[in-house]
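Reviewing the structure listed below.
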Amino acid sequence: AVVLIGLPAAVGPSGIMGRTVMLAGLLMMAGFVGMIMLNLSHAHSELDSLQILVEMQSRELKMIGQANGQMALEIRSKLAILDNLTLKSDQQQANQDQLLQELSTLSSVQQKLSAEMEKFEPRLEEMKQKAGAEEQEVDGVGEEMVDLKEELKQLKLEVFSLSATLERLAVAPAAPAAPKGTERGNEAESEETKETGAVEPEETQESPESPAEPALPGEAEPAEPAEPGTAGIEGLVEAESESKEESENSAEPRPGRPSSETSGAPSPGLKLAGLKVGGSPEQRPPAAANFSKDAAFIQIADAFHQSTAKMPQEILWFKECGCTGIEIEAVRILRGLVARLGADRVKTNKCEQSSSWPAQVHEVLEQIEVEDEHLFPSGSRQVNPGSPPTVLVIHAAFLGVCGVNAHLEQAVQGPAGRKGLVLVSRSMVEVDRLDAEASRDCNRFDYVWVPSAQSREAFLESGLSKDRVKVLPEAVDTSAFSCRSAKVQPPFRSGAQALDNFLAHKPKQSFTFLSMFKWEPRKNWYGLLESFLEAFPEQYTSVRGPNGESRNVSVRLLVKTQILGWSPDDPRQDVPDLLREKRLSEGSLEGRLLLFHDFLNSSEIPKLFKAVDGFILPTHGEGWGLPLIEAMASGIPTISTGWGGHMDFMSKENSWPVSYDLVDSQNYGARWAEPRKEALIEAMREVVAGGALVRGKVDRGCDLVHQKYHIDAVANQAVELMIGSLEALHKS
């Protein structure tokens with residue numbers, strides 16, 4: 001373009017045209033060059049991208065090469081391992097061949113031994129027969145020893161009963177006997193001593209004094225040194241020697257025995273060593289005046305008296321009134337003692353509620369109940385050195401563990417102190433130890449009688465000695481409770497409309513649990529309701545039976561409870577709070593849950609057990625567990641926590657004790673049991689499912705209670721316990 005512009009302007013039209021064409025050509029050439037340059041730029045960019053891609057692929061190839069190298073190394077390693085395994089396999093094969101050779105050798109040896117054993121088989125059979133005969137002989141001797149021990153035990157108890165009967169028959173009815181411990185009674189004994197010529201034993205100054213007993217509150221020091229013996233046991237050795245001397249030197253009845261006019265009717269007829277003492281007038285020996293002339297009979301009576309010289313003179317039992325469980329427990333034991341020893345030797349305080357007892361129980365209580373002030377001995381009483389001691393039992397929960405009432409304090413404040421008395425506390429505990437104050441209180445008693453092994457363990461853990469703490473179980477009135485029979489039970493009728501309707505109107509396929517307790521935290525009402533609601537959340541629950549069959553069952557819960565006036569817990573508030581916590585309405589449980597807290601007569605309790613299908617009490621701890629043992633005595637499945645006093649009669653063989661954890665209780669740092677909810681739910685479902693295994697457990701539990709814990713059996717244990725305790729105190 002510059003060239004064209006610089007050409008002379010005089011050029012003609014053809015010259016201008018030529019320059020224009022040339023300019024256009026140049027412009028086109030410039031455009032082509034620009035396009036070429038642009039393409040070259042794009043090509044250069046693509047070349048750079050290709051170079052980057054090549055570099056990336058080069059790196060990938062390098063990584064692949066490294067991976068191939070690693071794989072090659074691993075392959076070489078695995079090939080080495082394979083070579084080792086092959087070598088080991090060859091070695092194992094060699095070992096196996098060697099073992100086969102050894103087994104072949106052993107087999108030949110075994111064949112040789114078998115051949116040798118066949119030669120000795122007749123001799124071995126003969127030895128087995130001899131061993132079996134000797135084993136049967138040993139078993140027979142063992143059974144005979146067990147039977148002999150039982151016979152001796154029963155013989156000993158019959159001796160005591162016969163001695164009590166003979167004492168009532170062998171006394172002259174000259175004048176009614178005055179109450180023990182009064183001046184009139186002592187004067188009468190002195191007059192009888194003068195008439196019979198009996199000589200009072202002299203005190204032996206060389207006899208060691210007994211160890212000092214812990215003093216009761218307000219107890220005065222004795223005015224004179226204690227007699228030989230310990231804690232209320234006076235001259236038992238002298239009593240035995242005196243009775244023996246009198247039986248040898250005199251044919252007259254010994255003084256100091258109660259007369260037949262005041263002792264009541266004799267015991268039913270007994271037979272012992274060929275001697276019969278009947279209960280009717282026709283069977284009795286002659287009147288005392290003629291009876292005393294029969295020296296041989298007197299000697300027999302004295303011999304029996306010597307064998308029972310360590311029996312207590314009286315059993316004074318102070319029981320709590322108004323607390324249903326404690327009063328029932330005491331009355332059942334007292335009934336057994338009266339049947340065993342007679343009403344003249346057993347006394348208890350009078351309760352206003354006694355009129356609610358059945359007629360036969362009320363009749364027994366009328367013979368032995370006295371006012372409180374007449375039950376406890378006087379502090380100024382006279383104690384004869386040769387007289388058996390009096391056992392005084394304090395059985396009252398309101399006094400606390402090993403508590404003492406004012407009457408007992410007054411009895412030991414006088415000059416007599418604790419002479420002639422053996423003090424016993426009937427106590428229990430529902431946790432694993434006592435507090436320090438209770439431990440001190442228990443050491444003031446000669447003995448503490450607890451109902452269960454768990455209570456005894458708690459007392460021992462709190463520092464009491466094994467010799468002081470003894471187990472005496474509670475009794476069950478087996479005449480009121482019976483194992484379930486095949487007969488159809490009559491409808492339950494108590495007069496309480498809510499309770500009667502709940503038991504009468506139930507679905508055809510249903511299962512009703514009963515729980516009975518005081519409404520307090522220790523009974524674990526929260527755990528009971530929570531587990532029930534989780535185990536059976538709906539109106540009907542599908543239950544799989546023992547044979548795999550499935551059925552829909554309406555599971556229900558009846559809670560018979562008692563609201564305590566001193567406790568902040570109240571089921572009328574606690575249960576609605578629990579339902580709100582679980583987001584349930586009271587209407588959703590209608591017909592499946594009943595809380596019954598009204599009074600129910602004790603005579604209705606056995607019928608109530610018969611009207612339900614199972615019993616459950618997931619308690620934190622029990623001293624004994626009265627409702628539990630009564631449920632087992634009624635022949636229904638029984639579920640409870642696997643810790644507490646009730647484990648004396650409950651086991652996995654006869655009931656459903658559930659697993660637990662020991663946790664801190666609400667009492668002074670002691671522990672109690674927390675039943676595991678899953679185990680409780682599993683036990684409930686197993687019981688509802690039923691079957692032969694469930695029925696077998698129930699039958700074993702019912703048989704155990706009726707055989708071991710009836711009133712007579714527990715009374716026998718009480719008598720044996722007294723004898724052993726008095727003998728131990730005498731020896732000490």
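Taking the side chain to side chain donor-acceptor pair (under 3.5 Å) definition, one finds that Y526 meets it with E581, sequence neighbours left out. Judged as a salt bridge (charged side-chain N to carboxylate O under 4.0 Å, His left out), and not counting sequence neighbours, the contacts of E534 are K677. With sequence neighbours excluded, no residue forms a salt bridge (charged side-chain N to carboxylate O under 4.0 Å, His left out) with R456. Residues meeting the salt bridge (charged side-chain N to carboxylate O under 4.0 Å, His left out) test with E329, sequence neighbours left out: R426. For the ring-ring contact (aromatic ring centres under 6.0 Å, His included) test, no residue two or more places apart in sequence or in another chain qualifies with F481. Residues passing the ring-ring contact (aromatic ring centres under 6.0 Å, His included) test with F517, sequence neighbours excluded: W519. A search for ring-ring contact (aromatic ring centres under 6.0 Å, His included) contacts involving F609 returns F615, not counting sequence neighbours. Legend: residues meeting ring-ring contact (aromatic ring centres under 6.0 Å, His included) with H646, ordered by chain and number and at least two apart, are absent.
Between atom CG of residue L399 and atom CD1 of residue I394 there is a gap of 7.5 Å, rounded to the nearest 0.5 Å. Atom CG of L617 sits about 8.5 Å away from atom CG of N524, to the nearest 0.5 Å. Distance check: W357 CH2 to Q360 CD gives 11.0 Å after rounding to the nearest 0.5 Å. Distance OG/S465 to OH/Y447: 9.0 Å, rounded to 0.5 Å. Remark: K350 NZ to K319 NZ distance equals 10.5 Å, nearest 0.5 Å. Interatomic distance, N601 CG to L608 CG, rounded to the nearest 0.5 Å: 12.5 Å.
Residues V663 and W672 meet the side-chain proximity criterion, which asks for heavy atoms closer than 4.5 Å. By the 4.5 Å heavy-atom criterion applied to side chains, L564 and Q562 are counted as neighbours. Within the 4.5 Å cutoff, no side-chain heavy atoms of P546 are placed close to those of L693. Side chains of L472 and V450 form no contact here, defined as non-hydrogen atoms less than 4.5 Å apart. Between S554 and Q539 the shortest side-chain heavy-atom distance falls below 4.5 Å. Two residues are said to be in side-chain contact when any heavy atoms from C-beta on lie closer than 4.5 Å; P618 and I639 fail this criterion.
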What do the steps show when you test F596 against V559 for side-chain contact (heavy atoms from CB on, under 4.5 Å), and what is the final call?
CA-CA 6 Å; F596 183 76; V559 179; over 6 Å; no
Decide yes or no on side-chain contact (heavy atoms from CB on, under 4.5 Å) for L595 and V575, but give the supporting numbers first.
CA-CA 9 Å; L595 295 173; V575 175; 3.1 Å; yes
Verdict with supporting geometry, S640 and W656, side-chain contact (heavy atoms from CB on, under 4.5 Å):
CA-CA 6 Å; S640 188; W656 285 261; over 6 Å; no
For R332 and E630, what are the C-alpha separation, side-chain angles and deciding distance, and is it a salt bridge (Lys or Arg N to Asp or Glu O under 4.0 Å)?
CA-CA 13 Å; R332 287 176 178 173; E630 289 182 343; 3.0 Å; yes
Determine, step by step, whether L392 and V424 satisfy the side-chain contact (heavy atoms from CB on, under 4.5 Å) criterion, reporting the C-alpha distance in whole Å, the side-chain angles of both residues, the deciding distance to 0.1 Å, and the verdict.
CA-CA 6 Å; L392 179 56; V424 177; over 6 Å; no
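Side-chain N or O atoms of N547 include none that pairs as donor or acceptor with a backbone N or O of E549 at under 3.5 Å. Using a distance-only test at 3.5 Å, with no hydrogens or angles considered, a donor-acceptor pair links the side chain of D500 to the main chain of G495. Side-chain atoms of T348 never come within 3.5 Å of backbone atoms of E369 as a donor-acceptor pair (strictly under, hydrogens ignored). A donor-acceptor distance shorter than 3.5 angstrom exists from the side chain of H706 to the backbone of A633, with no hydrogens or angles considered. Under a 3.5 Å cut-off, the side chain of K347 and the backbone N or O of I315 do not form any donor-acceptor pair. Of the possible donor and acceptor atoms, none in the side chain of R551 sits under 3.5 Å from a partner among the backbone N and O of G545. Looking at N349, its side chain never comes within 3.5 Å of a backbone N or O of D372 through a donor-acceptor pair. Looking at S455, its side chain never comes within 3.5 Å of a backbone N or O of M428 through a donor-acceptor pair. The backbone N or O of N501 sits less than 3.5 Å from a side-chain atom of H505, completing a donor-acceptor pair. Put simply, the side chain of S515 gets close to the backbone of I616: a donor and an acceptor are under 3.5 Å apart.
Ion pair E622/R522 flagged as a salt bridge, since at least one NZ, NE, NH1 or NH2 atom sits closer than 4.0 Å to an Asp/Glu carboxylate oxygen. Contact check on K582 versus E530 returns a salt bridge, with a Lys/Arg side-chain nitrogen under 4.0 Å from an Asp/Glu carboxylate oxygen.
Here the shortest heavy-atom pairing between P675 and V658 reads CB-CG2, 4.0 Å. Residue V476 comes nearest to V705 through the heavy atom pair CG2-CG1, 4.0 Å, listed as atom of the first residue, atom of the second, then distance. Taking all atoms of both residues into account, the shortest heavy-atom contact from V471 to S452 is CG2-O, 3.9 Å. Here the closest heavy-atom approach between residue A689 and residue V543 is recorded as CA-CG1, 3.6 Å. Annotation for L626 and G325: closest pair CD2-CA, 4.3 Å, computed over non-hydrogen atoms. R556 approaches P507 most closely through the heavy-atom pair CD-CD, 4.2 Å.
Each side chain to side chain donor-acceptor pair (under 3.5 Å) pair with one or both residues in residues 693-703, not counting sequence neighbours, appears once here: R695-D699. Sorted by first then second residue, the salt bridge (Lys or Arg N to Asp or Glu O under 4.0 Å) pairs that include residues 644-669, not counting sequence neighbours, are D661-R676. The ring-ring contact (aromatic ring centres under 6.0 Å, His included) pairs that include a residue from residues 621-642 are W624-F649, W624-Y709, where partners are two or more places apart or lie in different chains. Applying the side chain to side chain donor-acceptor pair (under 3.5 Å) test to every pair with at least one member in residues 427-436, sequence neighbours left out, gives these pairs: S425-S427, D432-R671.
Under the 3.5 Å distance criterion, with hydrogens and angles disregarded, no donor-acceptor pair is assigned to the side chains of E720 and N716. Using modelled atom types, one finds no donor on one side chain facing an acceptor on the other under 3.5 Å when comparing T541 with N552. Judged purely by distance below 3.5 Å, without hydrogens or angles, the side chains of Q454 and W643 never pair a donor atom with an acceptor atom. Using modelled atom types, one finds no donor on one side chain facing an acceptor on the other under 3.5 Å when comparing T619 with K523.
Taking the ring axis of F445 as reference, the NZ or CZ atom of R468 does not stay both within 45° of it and closer than 6.0 Å to the ring centre.
Around atom CD of E373, more than 12 heavy atoms belonging to other residues, nucleotides or ligands sit under 6.0 Å away. Shown here is E437, whose CD atom has no more than 12 heavy atoms of other residues, nucleotides or ligands within 6.0 Å.
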